[in-house]
Amino acid sequence: MNLFLKRGDFWAGLAFALLGLYVVFNALGWDYMTEEGPGPGFFPFWYGAIMVGLSLLLVAGTILKQAGKSGKSVQWREMRRALTCWCALVVCVAILKYVGFMLAFGSLVWFVIAVMFNRPQWIALGYAIAGAVGFYALFVWGLDLQLPVGTLFN
Amino acid sequence: MDVFSGLMQGFAVALTPMNLLMCLVGCFLGTVVGVLPGLGPPATIAMLLPLTFNLDPTGGMIMLAGIYYGAKYGGSTTSILLNVPGESSSVVTCLDGYQMARNGRPGAALGISAVASFVAGTIGTVLLMLVAPALAEVTLAFSSPEYFALMVLGLSLVVLLAGDSLTKALLAMALGLWIASMGTDLFTATSRFTFGQTELLGGIDFIIVAIGIFAVGEVMANMEPEKPIDMLPVPKGLKNLLPTLQDLKDCRFAFLNGSLVGFFVGILPGAGATISSFASYGIEKAFSKHPEKFGTGVVEGVAAPEGANNADTAGAMVPLLTLGIPGSGTTAILLAALVLWGFKPGPLFIQDSPELFWGLVASMYIGNVVLLILNLPLVPLFAQLLKVPGYLMYPLILGVSIVGVYTSDNSLFQLGLLTFFGLLGYLMRKLDFPTAPLILGLVLGDSMEKALRQSLMMSQGDVSILFRPIPAVLLGLAAFFLVVPLIKKFNSVRGQMIDQEA
């Protein structure tokens, strides 16, 4: 497998190139110039084109660096914990609508402490309950803000 | 309004019980986030910003500014006790601060750092008070072409925030411009990049991006297994934290050097506190009678950079308040906060909102005194924060992020965007893409596009309007800033090729 395929910069460059192309093609669908001056396509066209140019430069630079075998590869194992945390956040946000803030946030806290950091259940549960109640007390009662209640309990 | 009466009005505003409380809260939170490595002022300000919407804007701004300059005070604690900078601007403090602590003088190092921060922070505020109104007067004649050129200059200074790769910094900035152009175009009512979602018609709220990139992204990046900390002990008792008279005498020049270098480097958008702290350290060493001792634990090596990184915050307020140009991620969030509260930072800001401007200036004087009091006797207490385990802190940060984003619009869609930008922030960190240029592009993008289109409407499409004297100078400077690193890069590649051939 080519070394550059393992490098994050190569894939990031490609992603930016695709985004830049998407921006440019969309911009071409809007007016570039109108009678009053530049149209809605003017500005996106230029930064989109610059994005494509720069991303190709990044991709080319990464491929050329292969000879020197320098550069940073993606460490998937290192990223696993971070991505697990992110997935927990996504699940928390997804269930907010149904179970409300207290239960969703409490579950997130429990997951981070008990599962990700492998701490005893009493710490995880205690902190989850205290955290959820504390947040509710501070923001809803203290600052008079609204937090999702959850359709299941509504 | 002259400076004296403005300042008196400012103290009348800042000394109201509520604003005084906001100043205390801001300074306290700033010190806490400065002490904690991994949680910086941009993340904290972004998370707390939605919660300040219910407050009076002056009080809110006083609190957020307190977090900004308070973090600079706290940042030195970890540099001195752990050899780990709490903020990037405290990196250079590690050189002599940690050595002083290892040589048995941690109290003196912490003390001189607090005193230098106080002196430079106060001198910086005096300079802010004198320079900002004068600069605002000069820029009163600016119209759309000048604003456009000014914003291009602000964005071009992204090269100073670029880190190792200018290409990555420019790509991050272009991403910020793309996010800024999402929503309905106000000139023609065209929907741009909304993906058919009605929630995106109004564009993406700056707060969501800032909290996602800085707070959620930071938590994810810190999710690595915990490492035990090896902290040097903090001496107990105020007496042991006070620098000696000889220390203060040795630091006379360092205080002045830190104050002036910090303030004037801080004025330059993009330059930032890290550059000012390194520059003042270099100057201190160059003019010292014993430069060979630098790095072994000399007191001036702590005073100069710590002073500079505090005076820098006052300097950074000058372009922010008088030109509407932020120089860093944190000042970009402060700019967004002012805009969200309905203010328009720029040449007319001091004239239109004297209460806020002078209240903020006066609160900075008060804040510096508060921080000196907080940072001398309470340093041992703040140092204990370093022992709070990450598994207790990270869920709290995620919770405040969720509440902050949800309460800004009461929309679950925005929370979906928060998770997206959190992932983006994390990936940017992993791939060494700087995040500050994205925020800068996002904050300036919309105004820059408006200024450009207004300019070309004024001239009926004739681009020569952008080359009137002031915009031409500003655009020339922008081109200079962008081209210099390219020439340097070209020369270094050329040098490498010549070496290889030889």
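Both backbone and side-chain heavy atoms feed into the values below; hydrogens, waters and symmetry mates do not. Chain naming here is simple, since letters A, B, ... match the order of the sequence lines and numbering starts at 1 in each.
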Where does [X] contact chain A at under 4.5 Å (heavy atoms): side chain, backbone, both or neither?
| X | value |
| --- | --- |
| Leu427(B) | side chain |
| Phe187(B) | neither |
| Ser191(B) | backbone |

[X] side chain near [Y] side chain, heavy-atom distance below 4.5 Å:
| X | Y | answer |
| --- | --- | --- |
| Phe135(A) | Val400(B) | yes |
| Phe105(A) | Val403(B) | no |
| Trp86(A) | Tyr426(B) | no |
| Tyr127(A) | Leu396(B) | yes |
| Tyr406(B) | Phe139(A) | no |
| Leu415(B) | Leu96(A) | yes |
| Leu83(A) | Leu423(B) | yes |
| Leu171(B) | Ser55(A) | yes |

> Do Ile402(B) and Leu147(A) pass the side-chain contact (heavy atoms from CB on, under 4.5 Å) test, and can you show the C-alpha distance, the side-chain angles, and the key distance before you say yes or no?
Replying inline: CA-CA 10 Å; Ile402(B) 293 172; Leu147(A) 291 178; over 6 Å; no
> Among Gly131(A), Pro38(A), Pro40(A), who wins on heavy-atom pairs under 4.5 Å with chain B?
Replying inline: Pro40(A)
Heavy-atom closest pair, residues [X] and [Y]:
| X | Y | value |
| --- | --- | --- |
| Gln146(A) | Thr407(B) | O-CG2, 3.7 Å |
| Cys85(A) | Met223(B) | SG-CE, 3.7 Å |
| Met220(B) | Ala82(A) | O-CB, 3.3 Å |
| Val93(A) | Gly416(B) | CG1-N, 4.1 Å |
| Thr167(B) | Leu54(A) | CG2-O, 3.4 Å |
| Leu431(B) | Ala12(A) | CD1-CB, 4.0 Å |

How long is the span from the [atom1] atom in [X] to the [atom2] atom in [Y], to the nearest 0.5 Å?
| X | Y | atom1 | atom2 | answer |
| --- | --- | --- | --- | --- |
| Thr190(B) | Asp31(A) | OG1 | CG | 7.0 Å |
| Arg192(B) | Phe43(A) | CZ | CZ | 8.5 Å |
| Tyr391(B) | Met116(A) | OH | CE | 14.5 Å |
| Tyr47(A) | Met173(B) | OH | CE | 11.5 Å |
| Asp9(A) | Ser165(B) | CG | OG | 7.5 Å |

>> If we define contacts as heavy-atom pairs under 4.5 Å, which of Leu175(B), Leu177(B), Asn410(B) has the most with chain A?
In response: Leu177(B)
> Relative to chain A, which of Leu392(B), Val216(B), Thr188(B) shows the most heavy atom pairs under 4.5 Å?
Replying inline: Leu392(B)
Does [X], at its [atom1] atom, have more than 12 non-hydrogen atoms belonging to other residues, nucleotides or ligands within less than 6.0 Å?
| X | atom1 | value |
| --- | --- | --- |
| Gln121(A) | CD | yes |
| Phe413(B) | CZ | yes |
| Phe25(A) | CZ | no |

For [X], which atoms come within 4.5 Å of any heavy atom of chain B: side chain, backbone, both, or neither?
| X | result |
| --- | --- |
| Phe111(A) | neither |
| Ile123(A) | side chain |
| Ile50(A) | neither |

> Are Phe433(B) and Phe16(A) close enough that their ring centres sit under 6.0 Å apart?
Replying inline: yes
> Taking the six-membered ring for Trp, are Trp30(A) and Phe193(B) ring centroids under 6.0 Å apart?
Replying inline: yes
